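This report concerns only the one structure given below.
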Amino acid sequence: MSEKRHMAYAAGVVGALTVVSRITGLIRDVVVGYLFGAGTAADAFFVAYRIPNLLRRLVAEGAATAAYIPVFSGYVVRGPRAEAERVARILFTMTALVLAVVTLVGILLAGPIVATFAPGFAAVPGKLELAIRLTRVVFPYVFCIGMVAAATGALNTLREFAAPASSPVVMNAVTIAGTLALAPWLGIYGLALAVLLAGVAQMLSQLPALRRHGVPLTPCWEPRHPAVARVGGLMLPTVFGSAVYQINVLMSTLFASLLPAGSVAFLWYAERLFEFPLGVFAVALSTAALPSFASLAERDLAGFRETVGFALRLVNLVAIPAAIGLVLTAEPLVSVLFLRGQFTAADAAATARAVRCYAVGLWSVASVRVLVPAFYALQDTVTPVWTAAVAFAANLAFVVVLVGPPSATPASALGGAMAALAGRFGMLALRHAGLALATSLAATVNLGLLVACLGRRSSGFGWGAWLVSAARPLLASAAMVPVVLGVTRRLDWFDPRVPWSVRACWMTLAVGAGAAVCAAALNVLGGAEVVAIRRAVRARLHGPWGSPS
């Protein structure tokens, strides 16, 4: 099977499981929204979770996996198997030690960390202290998810994608059950404990797959082994290079803490909707692509360029319609998913504005998630770092221009500097929606720089085919716009007098009709990417779950 077909098939496996993960994740967020809304307790928890969650994104979807796979793949390909197994044991041991230290430091320094990234909380009595306590409860989650990332790197190298992709489903299920069981007794602390229990369950869920593939789990202390240095050398620059989006989100949280109450929560709920299409396809594709990129980069540069181009064309096929669809259906989605319990109509309207602004950057973020692993496969960790640094600076500039002056007095030097710049150079006052838009624009800057750099390194890259492939989903998306608007404009989505069942039916019609029209148009327009997806679907329908037919 060619690498392109194998990549499309693996992306289908990961994507199918990620759909389940995102659905259970939305159910989890619906439960949280119903119980806690967008008030002070929700703001405090989301900041407390955001900090270790940043580390989770760095290791689970970025640095660790990107560093593990090229190194471990080399030992698997070159053999012998016994040496590859020993390397796996060494890397697991070192990972556990580093994560234990990071977790301990995070718990001890929770106070200054939260004060730095949520300076506006000090203006509300008890809010900062609550966020600090919740951070200490949640922070050990970093250890659990870091070990999951190590397992993911080993399993993906062995072309096992199902077990790692199913672990978020375990996490969401345990979080939902734990929250419903503990929150009535412990309030917001019950949610924090549920997240921690979910991390433990997610870690344990990888053990059967590791045993099935013969990956040993017994510790092996060899810190001087060459594999440790190679992984560390790849991981350290990768931490920043692959995570500019998450770092920008964390900076948005900082500034959101200076805005009116609920701003942090609005961004959190909006990001959950934004992450749904991103996680279902972009994360799945980048996960499946890295082993193919790493394999081809060492033996077939022409095949590498073609496979990277194919992956980017697949991103165009899905991300462009998803972004436009998210803009069109932001109000219906927020209304149906979150408008209940403690989550008010005003909260829903504010969240929908943020969803639209995040959607502007969906295509850019998805493309970056495919391009960054391509550079890592070429053993180039420098380019993603400096492009991410430029994008990070651009995000700060966009925040200053778009958000407007703060509502709370900053309690940190960093917050004070941002507030002063916003007061001096701000041109718009989009508030929390401006933060989401700044993140999207920064991702676009990052994409432009990465594309330019890859063009210089790969003179034979098919940029013309990439641009043509973007035109097809744009045309297909244009066809669905009048259909979706014709449905969504029939309701006042935030009118509490409209029954939830009515809103749900109209939302389903809008999303379903839009998707059907777009899919039909894409089928007519054709293209190699559409053919590849058809083949992946047929392989899924006629082959076993774990391997291509």
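Here, residue 1 is the first one in the sequence, and each next residue gets the next number. Note that this is a predicted model, so its numbers are computed, not measured.
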- side-chain contact (heavy atoms from CB on, under 4.5 Å) evaluation trace for Leu35 with Gln342: CA-CA 6 Å; Leu35 293 174; Gln342 299 299 312; over 6 Å; no

- Quick note, side chain to side chain donor-acceptor pair (under 3.5 Å) partners involving residues 34-43, not counting sequence neighbours, are Asp43-Lys127

- Message: Tell me which pairs pass side chain to side chain donor-acceptor pair (under 3.5 Å) where either residue lies in residues 322-338, with sequence neighbours left out.
- Response: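 Every side chain to side chain donor-acceptor pair (under 3.5 Å) pair that includes a residue of residues 322-338, provided the two are not neighbours, is Ser335-Arg503.
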
[X] side-chain N/O to [Y] backbone N/O, donor-acceptor pair under 3.5 Å:
X	Y	answer
Ser477	Ile324	no
Ser263	His432	no
Arg272	Trp268	yes

With sequence neighbours left out, what residues match [X] under side-chain hydrogen bond (donor to acceptor under 3.5 Å, both in side chains)?
X	value
Thr179	none
Asp29	none
Thr218	Arg89
Ser166	none

Would a 4.5 Å heavy-atom cut-off, applied to side chains only, mark [X] and [Y] as touching?
X	Y	result
Ser257	Val47	no
Tyr358	Arg353	no
Glu271	Val355	no
Leu435	Thr439	no
Val142	Leu99	yes
Asp347	Val334	no

- Message: If the condition is ring pair (Phe, Tyr, Trp, His ring centres under 6.0 Å), which residues does Phe343 pass it with, not counting sequence neighbours?
- Response: Tyr269, Phe338

- Residues in ring pair (Phe, Tyr, Trp, His ring centres under 6.0 Å) contact with Trp493, at least two apart in sequence or another chain: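 For Trp493 there are no ring pair (Phe, Tyr, Trp, His ring centres under 6.0 Å) partners, ignoring immediate neighbours.
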
- Item | Matching residue for Val368 among Val365, Leu371, Val372 - test: side chain to side chain contact (heavy atoms under 4.5 Å, CB included) | Val372

- Would you sort out whether Leu109 and Phe139 count as a side-chain contact (heavy atoms from CB on, under 4.5 Å), showing the intermediate values? CA-CA 11 Å; Leu109 299 182; Phe139 215 94; over 6 Å; no

- Item | Residues in salt bridge (Lys or Arg N to Asp or Glu O under 4.0 Å) contact with Arg212, at least two apart in sequence or another chain |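 Once residues adjacent in sequence are excluded, the partners of Arg212 under the salt bridge (Lys or Arg N to Asp or Glu O under 4.0 Å) criterion are Glu160.
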
- Message: Show, in sequence, the C-alpha distance, side-chain angles and deciding distance for Leu522 and Leu317, and conclude whether the side-chain contact (heavy atoms from CB on, under 4.5 Å) test is met.
- Response: CA-CA 8 Å; Leu522 284 171; Leu317 187 69; 3.7 Å; yes

- Check side chain to side chain contact (heavy atoms under 4.5 Å, CB included) between Ser364 and all other residues, then give those that pass, not counting sequence neighbours.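 Result, side chain to side chain contact (heavy atoms under 4.5 Å, CB included) vs Ser364: Ala443, Thr444, Leu447.
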
- Task: May I have all residue pairs that pass salt bridge (charged side-chain N to carboxylate O under 4.0 Å, His left out) and include part of residues 137-151, sequence neighbours excluded?
- Result: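 Residue pairs with at least one partner in residues 137-151: there are none.
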
May I have the list of side-chain donor-acceptor pairs in residues 185-199 shorter than 3.5 Å, sequence neighbours left out?
{"from": "Tyr189", "atom 1": "OH", "to": "Arg133", "atom 2": "NE", "distance (Å)": "2.7"}
{"from": "Tyr189", "atom 1": "OH", "to": "Arg133", "atom 2": "NH2", "distance (Å)": "3.4"}

